[in-house]
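Presented below is the structure to which this report refers.
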Number of protein chains: 2
Amino acid sequence: MRGMPDAIDADGLTVGQVSACLGVTVRALHHWDEIGLARPSLRTAAGYRLYTAGDLERLHRIVVYREIGLGLDRIRDVLDDSAADVPGALRAQRTQVAERIDRLRQLSAGLDRMIDAHERGLLLTVEQQAAIFGPQWNPDWPTEARQRYGDTTQWRQYAERSASRGPEEWQAVADAVADLDRALGDAMDAGVTPGSPEANRLVERHREVFASYFPLTRQMQVCLGRMYEADPGFAAHYDGIRAGLATWFRRIVDASARAHGIDPDTATWQ
Amino acid sequence: MRGMPDAIDADGLTVGQVSACLGVTVRALHHWDEIGLARPSLRTAAGYRLYTAGDLERLHRIVVYREIGLGLDRIRDVLDDSAADVPGALRAQRTQVAERIDRLRQLSAGLDRMIDAHERGLLLTVEQQAAIFGPQWNPDWPTEARQRYGDTTQWRQYAERSASRGPEEWQAVADAVADLDRALGDAMDAGVTPGSPEANRLVERHREVFASYFPLTRQMQVCLGRMYEADPGFAAHYDGIRAGLATWFRRIVDASARAHGIDPDTATWQ
DNA sequence: GCTTGACCCTCACGTTGCGTGAGGCTGGAG
DNA sequence: CTCCAGCCTCACGCAACGTGAGGGTCAAGC
C-alpha cells in the first residue's frame, strides 16, 4: 500500500488494484486475459496491464455471473451477446445445480448409512434383529464385535457390506446360517468323518455362507474353527445345537485344510 | 460378446470383463492401475491385465467407496489401513458434502434472483413499487420495457444490477431521480441556457444518476434525450414536471455532447 | 493358412479455473 | 543508487478419468 501511485487519475488500474477492488486474484485476471474473456484495453510501455473504466464494467459483470456458478464459456456467451437467451442459460444452470444438489444429497445419505454401518455394524432396529436372528440373539453382540475387531480389515469389509443390506438381505443370511447349522448337526449325528467328501463339502459351504460377512480364506477358516471351539460364547452356540459340535466342526475344518496343503497347527489369520 | 473366452475358469478376468462386471470403465481400471490403487495380480504373456478373485474384492471395495464420493487417495488410505479411522474419514467427507450442498443452495438462490431480475426487471412487489416510485408509477412498465429492450446488452446490465437491489437501494435510486428531476425543472425556470456550465453539470449528473440502471455513454445519452422528447410517455413525464422540460433537456444534452466533440445529429446508440 | 473383428496394450493430450512458484523487469521511495 | 513491492511471462500441477492414435492379440470362420 506504500507505492500506491494513485493511478486512478491515470486512465487505467493495474492488476493489483483491480484485484483489490473486485476481490479476484491477480492470477484470475491473467487467466481471463489469456483466454480472451477480459483483456485490458491498455498496456504501459513496460507491458503492465491497465484496465479502463469500461474494462472494469466488463470485469464486474464477469464477477457477478461467476458468483452464481456460470462457467467462463457461458459468461463469455452472455457478455458477448452470442447466446441471446440469458434467462434460458440461467435456467439451464439452475437445473444443473439442482441435479448436483440431488446427487450430493444421495452421497450424504450413503455416507450416513456407511458411517452407521461402521459404528453399529448392523443397520437394523433391535426389534428387526430379534425378528430375524431369533430369540438367542443378543443385540449387544455387534457392539462387542466392533470393540474387539473394529480396527481390522475384515470389520471394514463387513461394514461395507452391511451398509447395503436391509432386513430382507439379513433374513437371507440368517436363513443360510441356520440351514448350515442344521446340516452340520445332522452330519455329525450321521457319523460323517473329518476328511470325508461329505465333511469337506460342508466346510466349503461354511466358507461360502460366511463370505456374506467378509471373504474368508482357508487359513482364516482354520483360525475361526479353533475360535469356535475355544471361545465360550461360540462353543455354547454350537454345542447348543449338538453336544460336541464345536469340536467336530474344528476337526472337519482342520482336515479340509490339510487336504488343501495347509497345516492347521501353523495356520494364521490372513 | 462373441469371442468371450469364458476366462472365468482361468485364473483371472480381463479388463473388459471386470468392466462389465463392476460397472466401471476400462479406462478407470487402467487409471487405478497406473496410480497403483488397484493393480492386477497377473498379466498374460501378451501383457493383458488379469484380475484375480482377490483383485476383484479390492476393486469392489473401491467402487463402494467411490460411490459415496471419496477421493481415490482417501480410498487408498481406507483400503491400505494407513488411516485407521474410517468413520472419521467418512464423517469428514460428510461435512464437506454438506458444505458443498450449502454452497450450491446459495448458488441456486442467486440464480433464482437473477432469473427473476432478467424476466421481471424488478424484484419488488407491486406494493413496494408503489411505495417507492410514487403514485405516477405503473407496475406494467418493467414488463413493457422488457418486451422492448429485453434482448439488448443494456437490459442485461440493468437486470444484473437489479438482482442485487432491494427496496432500500431502489428507494435511493428513486430519490436521486426525483432530486434530479426537481433540479432540472428549477434550472429551466431559472433560465439556464444549453451549453452553460450549469447545464453541462446537470447533464453529467443525469449520466451519473442514470448509471444506476446501466452505464451510459454520451452518445447514448444523446439518443436518450431525443427519445425523451419523442416518446409520448417520457415526454408526458418531463412536461408534467415543467412544460417544455423534455425539449429543454434534449437541448442541454445536445449542447453538452457537442462540447465533447460529438455531433448530436449523427450520434448512435452504442 | 489367412482374414476378420472384437478386444487388448501403451502413450499422450484435453478437461476446469485457476494456484504456485521460477526467473526476471519496473518504478517510486529513501 | 539501492531497495522492495509489484508487475511480467512461462510452465507445471491438480482430480479422475475421456478420447483418440497407433498398433499388437486372439478365437473364429473361410
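So that the names make sense, note that chain A is the first sequence line, chain B the second, and so on, each numbered from 1. These numbers come from a predicted model, not from an experiment.
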Looking only at side-chain N and O atoms, does [X] come under 4.0 Å of OP1 or OP2 in [N]?
{"X": "H30(A)", "N": "dC8(D)", "value": "yes"}
{"X": "R43(A)", "N": "dT9(D)", "value": "yes"}
{"X": "R49(A)", "N": "dC7(D)", "value": "no"}

Which label fits F210(B) and H206(B): parallel for a plane angle under 30°, tilted from 30 to 60°, or perpendicular past 60°? tilted
Ring geometry between Y213(B) and Y158(B) (parallel below 30°, tilted from 30 to 60°, perpendicular above 60°): tilted
Take a 6.0 Å sphere around CZ of R103(A) and say whether it holds more than 12 heavy atoms from other residues, nucleotides or ligands. no
Taking atom CZ as the centre, does R100(A) end up with more than 12 heavy-atom neighbours from other residues, nucleotides or ligands that are less than 6.0 angstrom away? no
Quick check: closest heavy atoms across W155(B) and G150(B), and the distance to 0.1 Å? CD1-O, 3.5 Å
Between its two end axes (five pairs each) the helix from dG1(C)-dC30(D) to dG30(C)-dC1(D) turns, nearest 10 degrees, through 30°
Would you jot down, in residue-number order, the residues of residues 99-115 of chain A having a non-hydrogen atom under 4.0 Å from DNA chain C? none
Mark yes or no for whether R91(B), through its side chain, and I115(A), through its backbone, hold a donor-acceptor pair below 3.5 Å. no
Is a donor on one side and an acceptor on the other found under 3.5 Å between the side chain of S19(B) and the backbone of V24(B)? yes
Can you check nucleotides 23-25 of chain D for protein contacts, nitrogen or oxygen pairs under 3.5 Å, and list what you find?
residue, atom, partner, partner atom, Å
dG24(D), N2, Y48(B), OH, 3.0
dT25(D), O4', Y48(B), OH, 3.2

What integer distance in Å separates [X]:[atom1] from [N]:[atom2]?
{"X": "I35(B)", "N": "dC11(C)", "atom1": "CD1", "atom2": "C1'", "answer": "18 Å"}
{"X": "R74(A)", "N": "dT15(C)", "atom1": "CZ", "atom2": "P", "answer": "15 Å"}
{"X": "I62(A)", "N": "dC18(C)", "atom1": "CD1", "atom2": "P", "answer": "10 Å"}
{"X": "Y51(B)", "N": "dC7(C)", "atom1": "OH", "atom2": "C1'", "answer": "15 Å"}

Heavy atoms under 4.0 Å is the rule here; annotate nucleotides 13-20 of chain D 5' to 3' with B where the base is hit, S where only the sugar-phosphate is, and - elsewhere. ---BBBB-
So R161(A) and E57(B), salt bridge (Lys or Arg N to Asp or Glu O under 4.0 Å) or not? Walk me through it. CA-CA 12 Å; R161(A) 294 176 186 196; E57(B) 285 293 340; 3.1 Å; yes
Salt bridge R207(B)-E204(B), side-chain N to carboxylate O under 4.0 Å: yes
Could you tell me whether D80(A) and R76(A) have a side-chain N and a carboxylate O separated by less than 4.0 Å? no
Could you check whether Q128(B) and W170(B), counting side-chain N and O atoms only, form a donor-acceptor pair closer than 3.5 Å? no
With sequence neighbours excluded, residues passing salt bridge (charged side-chain N to carboxylate O under 4.0 Å, His left out) with D55(B): none
Would you give me the side-chain donor-acceptor pairs under 3.5 Å for residues 59-66 of chain A, sequence neighbours excluded?
residue, atom, partner, partner atom, Å
R61(A), NE, E160(B), OE1, 2.9
R61(A), NE, E160(B), OE2, 3.2
R61(A), NH2, E160(B), OE2, 2.9
Y65(A), OH, H118(B), NE2, 3.1
Y65(A), OH, E160(B), OE2, 2.6

